Amino acid sequence: MLGSGRGPRSGASLQAAIKRHGTRNEWSAALHLFRETVSHYAKPDLVQYMAVIGACGRGQQWQQALSLLSETWKAELEPDVIIYSLGISACEKSREWQQALSLLREMSTLRLEANAFSYGAGISACGKGGNWKQAVSLIFEMWEGRVETNVICYSAGISSCEKGGQWQQALSLLGAMREAELEPDAIIYSAGISACEKGGEWRQALCWFADMRTAELEPNIISYSAATSACEKSGQWEQALSLLLGAREASLEPDVTTVLGSARARKAGSGSRRCRCSGRCGSRR
């Protein structure tokens with residue numbers, strides 16, 4: 001450390017020390033170490049700026065992160081795609097979707113080609129900010145620009161649709177994901193089920209649930225809760241109770257919402273009809 005008589009840190013050791021603080025969510029310590037070392041010994045390089053911007057991002061200090069990004073220009077370091085992506089990620093963690101979009105547009109102006117990490121963080125930021133339309137728009141932008149998509153981008157997009165109750169958009173993204181030969185994970189399926197639940201589409205929720213099992217993915221309590229709630233809201237009490245029993249058989253402890261939902265569904269007690277998924281969800285007429 002400074003003042004210990006050991007002399008200045010090397011660039012690599014400074015970067016490692018900042019990263020350690022960052023992983024411990026000690027952004028303030030990381031920033032202090034960066035500032036003190038720079039003021040006493042050396043001009044920082046781009047890699048060291050990346051380390052401290054990443055630390056501030058993980059600590060949800062997006063303003064500090066963007067201030068540091070601006071400093072790289074003053075230091076004549078020529079910021080690259082990686083450091084801009086870290087700035088976008090910092091905005092995403094703080095739900096600052098407009099700032100994240102601004103950085104993406106700035107990258108375009110600078111002719112820096114945004115990658116899947118840049119877009120993924122931007123899509124997630126829009127979703128967290130409640131702007132599902134912009135999140136989907138960014139995925140379209142990736143397609144048009146022939147930027148390679150990945151599971152993280154689609155997951156963020158489907159999650160954004162879930163928050164907005166846009167089950168049709170979520171289903172469309174799932175189809176595009178499969179066309180790209182990307183395998184959805186449990187998080188994506190759970191978000192899709194929840195999107196259907198919010199949109200009042202119990203049949204589609206059960207289809208997503210069935211597809212999840214077909215993909216040999218074990219539904220979690222979130223999946224069960226969303227599917228049960230979807231059935232309960234539509235008065236499909238037999239389906240709701242079946243899901244509740246399934247959760248218990250899978251050694252999952254249903255939460256209060258799931259149990260109350262099943263109870264309400266049972267009380268409502270109405271018939272159900274087969275959905276349009278070739279019967280794979282197991283719904284009855």
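Note that the structure is a prediction, hence the values are computed from the model and not measured.
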Legend entry - Between CE on residue Met50 and CG on residue Asp45, distance to nearest 0.5 Å: 8.5 Å
Inset, instruction - Kindly assign one of parallel, tilted or perpendicular to the pair Trp143 and Tyr154, based on the angle between their ring planes and the thresholds 30° and 60°. - result: tilted
Legend entry - Closest non-hydrogen atom pair between Ser234 and Gly200, with its separation: OG-O, 4.1 Å
Legend entry - Check: Cys91 and Leu66 side chains under 4.5 Å, non-hydrogen atoms: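 Side-chain contact under 4.5 Å: yes.
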Inset, instruction - Would you please test Leu103 and Met107 for side-chain contact (heavy atoms from CB on, under 4.5 Å) and show each step? - result: CA-CA 6 Å; Leu103 289 179; Met107 288 178 71; 5.6 Å; no
Inset, instruction - Find out whether Cys196 and Arg203 are in side-chain contact, i.e. whether some heavy atom of one side chain is under 4.5 Å from a heavy atom of the other. - result: no
Inset, instruction - State, with a plain yes or no, whether a side-chain heavy atom of Glu141 is found less than 4.5 Å away from one of Val147. - result: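 Glu141 does not reach Val147 side chain to side chain.
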Inset, instruction - Determine whether Ile222 and Ser194 make a side-chain contact, defined as any pair of heavy atoms from C-beta on separated by less than 4.5 Å. - result: no
Inset, instruction - Can you measure from CD (Glu197) to CD (Glu162) and round to the nearest 0.5 angstrom? - result: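 Between Glu197 CD and Glu162 CD, I get 8.5 Å after rounding to 0.5 Å.
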Inset, instruction - For the residue pair Gln63 and Ser67, establish whether any side-chain heavy-atom pair is separated by less than 4.5 Å. - result: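 Sidechains of Ser67 and Gln63: no contact.
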Inset, instruction - Find the distance between CG (Leu138) and CD1 (Ile123) and round it off to the nearest 0.5 Å. - result: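 If we round to the nearest 0.5 Å, Leu138:CG and Ile123:CD1 are 5.5 Å apart.
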Inset, instruction - Would you kindly say whether Thr214 and Asp211 are connected by a side-chain donor-acceptor distance under 3.5 Å? - result: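 Short answer, no.
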Inset, instruction - Could you tell me whether the side chain of Leu217 reaches within less than 4.5 Å of the side chain of Glu183, counting heavy atoms only? - result: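 The answer is no; the side chains never approach within 4.5 Å.
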Legend entry - Side-chain heavy-atom pair Ser160, Val136 within 4.5 angstrom cut-off: no
Legend entry - Cluster link Leu68 to Ile82, ILVMFWY, side chain under 4.5 Å: yes
Legend entry - Separation between CD1 of Ile193 and CH2 of Trp202, rounded to the nearest 0.5 Å: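 Rounded to the nearest 0.5 Å, the CD1-CH2 separation comes to 14.5 Å.
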Legend entry - Gap separating the CD atom of Glu249 from the CG atom of Leu244, nearest 0.5 angstrom: 10.0 Å
Legend entry - Residue Leu112 excluded, over 12 heavy atoms near CG under 6.0 Å: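 Enclosed.
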Inset, instruction - Taking the six-membered ring for Trp and the single ring otherwise, decide whether the centroids of Phe209 and Tyr224 are under 6.0 Å apart. - result: yes
Inset, instruction - Find the distance between OG (Ser155) and CG (Leu182) and round it off to the nearest 0.5 Å. - result: 11.5 Å
Inset, instruction - May I ask you to check whether Ser137 and Lys133 show a side-chain donor-acceptor distance below 3.5 Å? - result: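 There is no such pair (donor and acceptor under 3.5 Å, judged by atom type) between the side chains of Ser137 and Lys133.
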Inset, instruction - Evaluate the side-chain proximity of Leu69 to Leu86: yes if any heavy-atom separation is below 4.5 Å, no if none is. - result: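 Not in contact.
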